[in-house]
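Quick note: numbers below take in every heavy atom, side chains included, and nothing from hydrogens, waters or symmetry partners. Below, chains carry the letters A, B, ... as their sequence lines are ordered, and counting in each starts from 1.
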There are 2 protein chains.
Amino acid sequence: MARLPEYLRALHNLAETGHETVSSEGLANAAGVNSAKLRKDLSQLGSYGTRGVGYDVGLLIDQIEYVLGLTQRRAVALVGVGNLGHALAGYDGFASRGFRIAALLDADQERVGEEINGLVVQHIDELPRVAAEESIAIGVIATPAAAAQRVADQLVAVGVTSILNFAPCVLSVPEGVDVRKVDLAIELQILSFHEHRKASLTALPAAGGSALTALPGGLAVTESQEAIGT
Amino acid sequence: MARLPEYLRALHNLAETGHETVSSEGLANAAGVNSAKLRKDLSQLGSYGTRGVGYDVGLLIDQIEYVLGLTQRRAVALVGVGNLGHALAGYDGFASRGFRIAALLDADQERVGEEINGLVVQHIDELPRVAAEESIAIGVIATPAAAAQRVADQLVAVGVTSILNFAPCVLSVPEGVDVRKVDLAIELQILSFHEHRKASLTALPAAGGSALTALPGGLAVTESQEAIGT
DNA sequence: AGGCGCTTGTGAAGACGTGCACAAATCGCG
DNA sequence: CGCGATTTGTGCACGTCTTCACAAGCGCCT
Ligand SMILES: NC(=O)c1ccc[n+]([C@@H]2O[C@H](COP(=O)([O-])OP(=O)(O)OC[C@H]3O[C@@H](n4cnc5c(N)ncnc54)[C@H](O)[C@@H]3O)[C@@H](O)[C@H]2O)c1
Ligand SMILES: NC(=O)c1ccc[n+]([C@@H]2O[C@H](COP(=O)([O-])OP(=O)(O)OC[C@H]3O[C@@H](n4cnc5c(N)ncnc54)[C@H](O)[C@@H]3O)[C@@H](O)[C@H]2O)c1
């Protein structure tokens with residue numbers, strides 16, 4: 001389930017604020033989901049809370065971290081140390097959430113040798129050696145779109161089976177390799193769509209427009225968070 | 001539909017490579033989705049292709065851009081010009097996809113006055129004035145999680161109804177305000193989950209483990225892209 | 001003009017996710 | 001020890017999304 005990491009983050013927050021147990025409703029609130037959904041997710045997971053009491057925060061954290069495979073600190077290789085790559089390399093949120101940036105790689109000789117956050121940028125051709133030394137589990141692509149497919153192929157070639165792609169393009173990978181994409185422009189465009197929809201609704205409260213102007217009203221967008229509490 | 005932006009990007013690619021028309025199958029491939037799904041999405045949209053030929057690329061781009069509300073170049077305010085904020089401010093992919101970064105805001109006096117990409121960082125207290133001047137449509141939050149809710153409140157107070165949040169926390173906003181969240185650690189954790197699942201499957205090909213080790217096999221994660229072609 | 005191949009648009013079936021509502025279980029307290 | 005308050009786990013129904021499959025439509029070639 002894609003919501004498990006969200007629960008995990010909320011649980012860590014709760015643990016830091018001293019809570020030892022939490023009810024499904026409390027955790028659901030903290031994670032921004034329905035309590036029934038949360039209970040169903042957690043029951044799928046096999047972990048058990050105590051009826052009448054709730055869930056043991058520490059136990060649940062361990063359970064979720066186990067299922068997510070976070071018991072081992074996975075090594076991440078970051079390819080493309082440009083504008084975005086720098087920000088990612090300097091981000092401490094990875095380390096605190098179960099990951100270790102094990103290598104920074106770039107094709108630009110100008111960048112090779114640069115040190116960021118205690119790591120030295122290496123040339124992309126070093127990838128096979130680095131992968132062997134560090135047993136890279138996840139590859140992050142932060143290169144321009146034109147280079148992304150090639151980098152993906154290189155990552156796959158050295159045995160990486162999970163890729164996080166920031167370049168705005170679709171990657172072709174062999175079966176068994178997982179790709180997740182983050183595209184900021186797409187996120188903005190989805191927001192823009194909602195803006196447009198909202199504008200159309202207020203401007204034309206009682207239908208009337210052409211098929212085109214009336215259209216945006218009925219479309220749905222998933223994965224969004226709208227209007228949670230106040 | 002959340003897939004429209006993906007189609008749009010693929011269409012722009014096709015337009016640049018000289019294609020004038022495209023079949024649903026061709027576009028579906030380029031966007032990494034099923035062709036039937038794509039046709040259904042496009043028919044929902046009301047735009048029409050020509051049977052036996054396909055879709056007119058230029059026309060379809062116009063249609064989708066209209067529905068997404070990209071005919072007007074929306075103004076974006078970026079709050080939190082730190083590690084990540086710098087990368088975003090320096091990113092040219094926004095401008096080319098229908099957006100204009102209209103303001104950079106930060107609470108740190110040290111950062112106020114700094115110029116990035118032709119824009120000067122202003123103090124967050126200037127937000128009301130900036131919003132009035134630039135008619136901000138979308139707010140991007142790139143501050144630490146602890147400040148995110150406060151910033152969101154400030155954005156809402158000046159009339160922003162769409163927020164893109166990079167801070168790892170859930171935001172409470174009034175009804176009618178849309179929030180989308182991007183959390184890189186969550187993306188990595190989902191990949192880690194898949195790694196774990198794959199490892200469990202190869203290690204225990206014929207069941208046998210405890211309930212816990214057997215569990216990761218049956219869980220699904222949406223929004224991912226797995227094994228598309230080769 | 002007619003037929004043929006190709007492509008769209010869509011009906012229907014199935015899979016999937018969501019949320020309600022309630023029984024079962026546990027704890028605390030009298 | 002028993003009862004009530006509380007909370008989990010889940011059966012069920014409903015709506016949505018996905019995919020297949022095919023009829024209808026269009027253009028081209030003869
Ligand atoms: N900067 C952002 O905020 C941002 C936001 C969203 C998406 N993106 C996307 O992220 C990607 C990177 O953006 P950026 O702003 O950092 O670009 P950038 O040009 O600053 O950095 C790209 C880096 O990749 C390196 N590179 C190029 N080809 C390579 C190869 N074959 N192997 C290894 N390294 C290679 C370059 O040397 C450069 O250092 C782009 O696809 C962009 O669309 C960036
Ligand atoms: N750097 C990354 O690659 C990365 C990746 C994923 C998520 N994030 C998240 O993005 C956020 C920012 O990360 P960062 O690395 O840029 O942090 P950062 O500390 O480098 O930058 C945060 C900036 O926000 C400013 N700020 C703080 N409070 C503010 C307020 N109330 N109003 C306006 N500005 C305020 C600070 O002055 C600072 O400039 C964090 O929540 C982080 O978890 C960052």
Side-chain angles (χ1 to χ4, degrees), chain A residues 1-4 6-7 10-11 14 19-60 63-64 67 190 211-212 215 217-229, chain B residues 1-4 6-7 10-11 14 19-57 59-60 63-64 67 190 211-212 215 217-228:
Chain A
M1 295 284 175
R3 288 183 293 268
L4 255 36
E6 193 71 44
Y7 301 158
L11 282 166
L14 289 167
H19 297 73
E20 303 218 334
T21 65
V22 64
S23 71
S24 65
E25 189 128 345
L27 182 54
N29 259 0
V33 299
N34 184 301
S35 70
K37 197 189 324 194
L38 181 136
R39 283 200 299 276
K40 193 149 282 187
D41 289 346
L42 259 42
S43 72
Q44 279 280 329
L45 207 144
S47 108
Y48 14 116
T50 320
R51 300 181 185 218
V53 177
Y55 297 91
D56 182 288
V57 173
L59 180 68
L60 204 49
Q63 289 263 353
I64 294 181
V67 173
I190 293 174
L212 262 169
L215 253 170
L219 300 182
V221 173
T222 54
E223 288 285 306
S224 173
Q225 162 198 351
E226 180 163 7
I228 297 184
Chain B
M1 294 284 174
R3 287 182 294 267
L4 255 36
E6 193 71 44
Y7 302 158
L11 283 166
L14 288 168
H19 297 70
E20 302 219 333
T21 65
V22 64
S23 71
S24 65
E25 188 126 347
L27 183 54
N29 259 359
V33 301
N34 185 302
S35 71
K37 196 188 327 194
L38 180 136
R39 283 200 299 277
K40 191 145 280 186
D41 288 347
L42 259 43
S43 72
Q44 280 277 329
L45 208 144
S47 110
Y48 16 113
T50 319
R51 300 179 185 217
V53 177
Y55 298 90
D56 182 287
V57 173
L59 179 69
L60 203 49
Q63 289 264 352
I64 294 181
V67 173
I190 292 174
L212 260 169
L215 253 168
L219 299 182
V221 172
T222 54
E223 289 283 308
S224 172
Q225 162 198 353
E226 180 162 4
I228 296 184

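- Put simply, B/Ser24 has a side-chain N or O that comes within less than 4.0 Å of OP1 or OP2 on C/dT8.
- For the pair A/Lys37 NZ and D/dT8 C1', the interatomic distance rounds to 18 Å; values are reported in whole Å.
- The separation between B/Arg39 atom CZ and D/dA23 atom C1' is 13 Å, rounded to whole Å.
- Between B/Leu42 and B/Tyr7, some side-chain heavy-atom pair lies under the 4.5 Å cut-off.
- When side chains are defined from C-beta on, B/Glu6 does not count as touching B/Val33, because their heavy atoms never get closer than 4.5 Å.
- If you take CG of B/Leu60 and C1' of C/dG9, they are 14 Å apart, rounded to a whole angstrom.
- Between the P atom of C/dG17 and the CD atom of A/Gln44 lies a distance of 9 Å, rounded to the nearest Å.
- Rounded to an integer number of Å, the gap from A/Asp56 CG to D/dT8 C1' is 15 Å.
- Within the structure, every side-chain polar atom (N or O) of A/Asn34 is placed at least 4.0 Å from both OP1 and OP2 of C/dG17.
- In this structure, B/Leu4 and B/Leu45 have side chains that are in contact, with non-hydrogen atoms separated by less than 4.5 Å.
- Proximity of A/Tyr55 to the phosphate of C/dT26: no side-chain N or O atom is located under 4.0 Å from OP1 or OP2.
- For the OP1/OP2 pair of D/dC28 and a distance below 4.0 Å, the side-chain nitrogens and oxygens of B/Arg51 include no atom meeting the criterion.
- The side-chain heavy atoms of A/Leu60 and A/Leu27, taken from C-beta on, include a pair separated by under 4.5 Å.
- If you measure from atom CG of B/Leu27 to atom P of C/dC6, you get 20 Å, rounded to the nearest angstrom.
- As rounded to whole Å, 16 Å separates atom P of D/dC17 from atom CG of B/Leu38.
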Check against side chain to side chain contact (heavy atoms under 4.5 Å, CB included), A/Arg39 and A/Ser43: CA-CA 6 Å; A/Arg39 283 200 299 276; A/Ser43 72; over 6 Å; no
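- In terms of polar N and O atoms assigned as donor or acceptor, the side chain of A/Lys40 comes within less than 3.5 Å of the base of C/dG19 in a complementary pairing.
- Nearest nucleotide to the side chain of B/Ser43, out of C/dG9, D/dT19, D/dT10: C/dG9.
- Here D/dC26 presents its P atom at 12 Å from OH of B/Tyr48, a figure rounded to the nearest Å.
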